[in-house]
**Student:** 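First the structure, then my questions, so here it is.
Protein chains get the first letters and strands the later ones, always in sequence-line order, with residue 1 at the start of each. Hydrogens, waters and symmetry mates are skipped; everything else that's a heavy atom, side chains included, is used. Note that the structure is predicted; figures quoted are calculated from it, not measured.
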Amino acid sequence: GAVVSQHPSWVICKSGTSVKIECRSLDFQATTMFWYRQFPKQSLMLMATSNEGSKATYEQGVEKDKFLINHASLTLSTLTVTSAHPEDSSFYICSAQTGGSVSYEQYFGPGTRLTVT
Amino acid sequence: QKEVEQDPGPLSVPEGAIVSLNCTYSNSAFQYFMWYRQYSRKGPELLMYTYSSGNKEDGRFTAQVDKSSKYISLFIRDSQPSDSATYLCAMSADSSASKIIFGSGTRLSIRP
């Protein structure tokens, strides 16, 4: 149980284009989803927290107009990187949590590697 | 100063050795302490969690938390080549769906 999937697992896009990453909880309802970014040999940095049906809360320094997050249902959240640039190339990981869970009960997806050329 | 400090390694030990991984932190509000294992190009996988201070054992893995020193450890006994991965410590301040702060990870390699 508690499986989270991400699609695509790997994407290459050209500078200036937009790319959408999906995060799905396969066997539970995720009232809260988190989006992280991880640069090579660095830690996971939280980008934003989203609750189903509400606007996402972005961490300081994360451009909300560039990284659009939609948590439209209890099993799906999407991250759209708009007007992507090479510096946006990174490993994007989502995690999901049910309501009433404690902090360690976040289940992580396998990640999406984005390369912007 | 980062909230959570972790030696990035790499750490290379022979198979069967005891591995010690450590993190220090600065925020005294942290109450939940986690260790995650991350294989290359994969998402992190929760190994163990501890609430407040103390020890917790699960098979070959032991987690220790010393809140007075703001220091946590993960010990791996009888290390196996399959334990080769990056180990991330992580912490959060309360039990709700709160932000988890991750360490930068220690790359561990177990030599056969």
**Student:** Need one label for B:Glu45: side chain, backbone, both or neither, based on atoms under 4.5 Å from any heavy atom in chain A.
**Tutor:** neither
**Student:** Would you mind checking which part of B:Arg107 comes under 4.5 Å of any heavy atom in chain A, side chain (CB onward), backbone (N, CA, C, O), both or neither?
**Tutor:** side chain
**Student:** Rounded to the nearest 0.5 Å, how far does OH of B:Tyr36 lie from CD of A:Gln106?
**Tutor:** 6.0 Å
**Student:** Who wins among A:Gln42, A:Gln6, A:Arg113 for the most heavy-atom pairs under 4.5 Å with chain B?
**Tutor:** A:Arg113
**Student:** In terms of heavy-atom contacts, does CZ of B:Arg60 have more than 12 from other residues, nucleotides or ligands at under 6.0 Å?
**Tutor:** yes
**Student:** Under 4.5 Å between side-chain heavy atoms, hopping through other hydrophobics if needed: is there a path connecting A:Met33 to A:Met45?
**Tutor:** no
**Student:** Could you state the interatomic distance from CZ (A:Phe108) to CD1 (B:Ile100), rounded to the nearest 0.5 Å?
**Tutor:** 5.0 Å
**Student:** Who else is in B:Phe61's hydrophobic cluster (ILVMFWY, side-chain heavy atoms under 4.5 Å, direct or via others)?
**Tutor:** B:Val4, B:Leu11, B:Val13, B:Val19, B:Leu21, B:Tyr25, B:Phe30, B:Phe33, B:Trp35, B:Leu47, B:Met48, B:Val65, B:Ile72, B:Leu74, B:Ile76, B:Tyr87, B:Met91, B:Ile101, B:Leu108, B:Ile110
**Student:** Return yes when atom NZ of B:Lys42 has more than 12 non-hydrogen atoms of other residues, nucleotides or ligands closer than 6.0 Å, and no otherwise.
**Tutor:** no
**Student:** If hydrophobic clusters are built from ILVMFWY residues whose side chains come within less than 4.5 Å, do A:Met47 and A:Val11 share one?
**Tutor:** yes
**Student:** Checking B:Pro44 against chain A: side chain, backbone, both or neither under 4.5 Å from a heavy atom?
**Tutor:** both
**Student:** Taking all non-hydrogen atoms of both residues, which atom of A:Ser43 and which atom of B:Leu88 are closest, and how far apart?
**Tutor:** OG-CD2, 4.5 Å
**Student:** Do other residues, nucleotides or ligands put more than 12 heavy atoms under 6.0 Å from the NE2 atom of A:His85?
**Tutor:** yes
**Student:** So, for B:Gln38 and A:Phe91, which heavy atoms are closest and what is the spacing to 0.1 Å?
**Tutor:** NE2-CE2, 4.1 Å
**Student:** Counting only non-hydrogen atoms closer than 4.5 Å, does A:Ile93 touch chain B with its backbone (N, CA, C, O), its side chain (CB onward), both, or neither?
**Tutor:** side chain
**Student:** By the side-chain hydrogen bond (donor to acceptor under 3.5 Å, both in side chains) test, which pairs, at least two apart or in different chains, include something from residues 56-66 of chain A?
**Tutor:** A:Glu59-B:Lys99, A:Lys66-A:Asp88
